[in-house]
Every structure is written in structure tokens, then in C-alpha cells.
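Reminder, nothing fancy here: chain letters follow the sequence lines and each chain counts from 1.
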There are 2 protein chains.
Amino acid sequence: MTLSEEDYIKAIYHLSKDDKGNVSTNAIAAQMDSKASSVTDMMKKLAEKDVVHYKKYQGARLTDKGKSYAAKIIRKHRLWEFFLVEKLNFSWDEVHEIAEELEHIKSEKLIEKLDAFLDFPRTDPHGDPIPDKHGNITKVEKILLSSAKNNEKGIVIGVKDSSSDFLRYLDKLGISLGKEITILHKEPFDNSVMINLDGEKTSISALTANNIYLKIN
Amino acid sequence: MTLSEEDYIKAIYHLSKDDKGNVSTNAIAAQMDSKASSVTDMMKKLAEKDVVHYKKYQGARLTDKGKSYAAKIIRKHRLWEFFLVEKLNFSWDEVHEIAEELEHIKSEKLIEKLDAFLDFPRTDPHGDPIPDKHGNITKVEKILLSSAKNNEKGIVIGVKDSSSDFLRYLDKLGISLGKEITILHKEPFDNSVMINLDGEKTSISALTANNIYLKIN
DNA sequence: CAAGATTTTTAGAAATGTCTAAAAAATTAT
DNA sequence: ATAATTTTTTAGACATTTCTAAAAATCTTG
Ligand SMILES: [Mn+2]
Ligand SMILES: [Mn+2]
Ligand SMILES: [Mn+2]
Ligand SMILES: [Mn+2]
């Protein structure tokens, strides 16, 4: 599989995460920052290789083979991100881009040895689960901060948006994985959320609250 | 610079190591396992980018820019090899192929952090020097085992051939970097060399002796 | 349901990197 | 110094990946 094919497979995987149906040509083009016509070409090729189901005008979805392949790329991506943060002291907003390249390195043995060296981490620096070597992903119960109720208390276990900009903003707010947050009040006017973080009252915008995952209890 | 361009730059660098002159089109093709016509095409492109001096029918050599670029790729290659052996417990015959991919990962910051994580190693697992971040390479005095004289004693500090086959053969002989070898006798008939290794007499073929570097004294 | 709008595909082209076969230049040998 | 040989370049082709523009299909809406 070429680098380009792998990136398309990953894009379809991420677009399929939420809803089960087919992913539209335009949605893939947007995700890949390419054009619909390029997607059509690629879908024909990936269908030929049996990694996607594709019918004209009906979008695409991954086959079992495609899903397994996607999980392997994501496993590599997240293990490398973990390595960059834990061993090389990168911050969580710097690693995505580099992992985007490292995820395409081909050796199976490399990734198993890396996994062992890192002591078999379960989640990446953004709280996302690392698939095991068979492609199985452990789902963790989590809710968006924006949907937590008053007086609920939770631990930050992930982010929905893992762009550099958002992650650096969280750094500035003092929010990182593992922090305890208590919901004090939800403001109906602008859907902002007043929280208790490290014993201090802080107001979080609706957009921010909608991109932080909490584990409740 | 593309992956392909980087591999050509590296090939010219390695071919230029010994003699200073221009490298022939055919020599590059042989090194790259490609065809002379492909090399001609690529040399035109690399000359356009000012990394090689190239004149029709006269071969190519790296410009200063090209040399500096080559040193950077080789730095990455050798740091990754060191990482694979020292941190991930690969054996020295397994790492070249993987480093061949890793050397193309683009982040400058990554390689500086990797260097620090590895505690600034000076040589790779095959005894080859790791260029510093400015591309400077420290030359180490060394001779081929085949050119050592009777009764000379030396430390194995490198190999000329670092193919898997040769390295695995050295493993079998019990020869690794750091081992002390004493030359007992050179057999004129087949140029084989009788050595003392770990207190035992061993005979080394001319070919083998011609691919092991020693530091004398 | 019939425009009208949107999405998707096709057609055609460009850039990259590679190859084979043939031509041209350089080198070696007679 | 010619001829034979080897090296190198050119010409033309193919596979990938991508794009723009235009056509076709599907969806939306009055
Ligand atoms: Mn990628
Ligand atoms: Mn991540
Ligand atoms: Mn390479
Ligand atoms: Mn090496």
C-alpha cells in the first residue's frame, strides 16, 4: 500500500467513526484536502484492492480488510505520538504532524518492539486508544464536557479536536489529561460552562467545552 | 527534497567517499539499482536544484549544498540505527533497511531531540561516525584487518561491508565492535589471516579480513 | 414533478519517477 | 587513426497521483 493509499484509508476510517453509513466523495476530499475527482480515482483503486466497498455515486466504506489496515496505521500513529511525548519530550501539540510521517514506516517488527519499549501504552498523548496488534480497540466510556450536568465531577481523558491551536489553548487554560473538573454552572445565554479546575473557578466557552472528553465518577 | 532525490544524493555521497573526482552515471545507477537513463534524468533535476555539479558525459559530484544535505540524511540514518539497536534491541544486521525509511522523516527538531535522548552517540552500530548537526564528521584512524601486520593488536571499530549476511557471519565468528584481535600469521597462499580472538586461534578469509576495520594500539 | 442546485464522475492534462530502445559521444584497442 | 566497445544521453512510453473543466447523476425545493 502506498503512502497516499494509506492516508485515504485512514481518512475514511476517521469519517466512519461516528455514523456507520457510507462516506461521501466530498467528505473524503475535504478530509484529505484534495479534490472530489481525485477521490473518485482513488476509490476505484482501493475498491480494486478490496479495502473499500465503493459504488458510483454512493460513497465508500471500509471492508473488513480495510478496517484492519486502518487500525494498524492508527496503532503506529499513536504509538509514535506516545514515543515522541514520553521519550523525546515533545509537547502534545507538536507530535501529530511527525507521526503523520512515521505511521507509514513499514516494519511490523519495529512497531512491536516500539510497543514493548514504551511498556505497552493504552492511549496516546491525546487520550485516544491505541489499537492492539490485532487491530482491536478498547472503547472507553466518556462524555463531552458540554454535555455534563451541573455538579458532575470528571477526569479529562481526551480531546475531540487535537489541532495544535486547541491543544496550546488548553495548555494556557491549565487543562491537561488527568485533570479533575467539576461543572459548577452552565450559562444558557452562550452555553459557556463555569468549572472548578485546581480549586479555581474558570469559564469555558461552548466551543471549548464541546471538544473536551470527561470520564465521570 | 523528495525521498527519491535524497536517495540519489546519498548514493553520490557514498560513491565519492574514497576518490574525490566525479561519479559516473553508471556507478550511480549500479548503487541505486536503477538504470543509467534514470540517473541522467535525476542528475539534471539535482543540478537544477544546485545539489550536484553535472556536465553531460562527465558524471556528477555534490556541491557544498549537496554535501551538507547528504550529511544530514546520513546523520538521521545513523542516529535511527543507534536507536533501533540500543533502545529497541534490534541486532546490528536488522537495522539498515528500517533506517533507510526513517532517514527521510522531515522534522529537524525530531532529530535533535532523538540525538539528546540517545545521549549524543558518536558512532552507529556498525562503527560509522554520526555527523553532528552541522554536518561535520569526525574521522577516526582505522585500518583494514587485511592490511594489519603480524603481531599487531587492534580493536574492531567498524565494518566496510554492512550487509546482513556479512554481519550475521561476524556474529557467528564471535566478532563484534570493541573486540580485541591480534594478528598471528598471514597466509600467503590464500591471503587468509590467523588471528587471536578471545584467547582462541581463528582463521579469517581474505574477503572477511578485507571488510573489518581495526584501530591499532 | 420539474426546475435548480449540488454532488459526483469523466475526460484530458500535468508532474514525478521510472523504464527500454536507439542514437550519440567517449574510450579503448588494433 | 580507424574501428570496436563502452558509456551516456535522448526519445518515447508507462504508472502514479493529482488537478481543472465539463458532463452526468442525484438531491432539493417550489
Ligand atoms: Mn500520513
Ligand atoms: Mn493523537
Ligand atoms: Mn532511503
Ligand atoms: Mn550503519
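Between C/dT8 and A/Asn26, a contact under 4.0 Å exists linking OP1 or OP2 to a side-chain N or O. Phosphate proximity of D/dT18 to A/Tyr8: present, with a side-chain N or O under 4.0 Å from OP1 or OP2.
Note: B/His77 and B/His96 have tilted aromatic rings, judged against thresholds of 30 and 60 degrees for the angle between ring planes.
The only member of A/Val39, A/Thr40, A/Val52 that meets side-chain contact (heavy atoms from CB on, under 4.5 Å) when paired with A/Ile28 is A/Val39. With B/Glu103 as reference, B/Lys10 is the one residue of B/Lys76, B/Lys10, B/Arg78 to meet the salt bridge (charged side-chain N to carboxylate O under 4.0 Å, His left out) rule.
Summarising the geometry, the separation between CG on B/Leu46 and P on C/dT18 is reported as 11 Å, rounded to the nearest angstrom. For the pair A/Asp33 CG and D/dC19 C1', the computed distance is 13 Å after rounding to whole Å. The CG atom of A/Asn22 sits 15 Å away from the C1' atom of C/dT7 (whole-angstrom rounding).
A salt bridge does not link A/Lys65 with A/Asp50: every distance from a Lys NZ or Arg NE/NH1/NH2 to an Asp or Glu carboxylate oxygen is 4.0 Å or more. A salt bridge does not link A/Glu6 to A/Lys72: none of the charged nitrogens lies less than 4.0 Å from a carboxylate oxygen. B/Arg75 has no carboxylate O lying under 4.0 Å from a charged side-chain N of B/Asp132, or vice versa, which leaves the two without a salt bridge. Checked for salt-bridge contact, A/Lys49 and A/Glu5 meet the test: a charged N lies under 4.0 Å from a carboxylate O.
Screening residues 137-146 of chain B for side-chain hydrogen bond (donor to acceptor under 3.5 Å, both in side chains), with sequence neighbours left out, gives B/Ser146-B/Asn210.
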**Asked** With the sugar-phosphate defined as primed atoms, P, OP1 and OP2, and the base as all remaining atoms, what B/S/- string results for nucleotides 9-16 of chain D, 5' to 3', for protein heavy atoms under 4.0 Å?
**Response** BB------
Identify the pairs formed between an N or O of the protein and an N or O of nucleotides 2-5 of chain D at a distance under 3.5 Å, and give each distance.
none

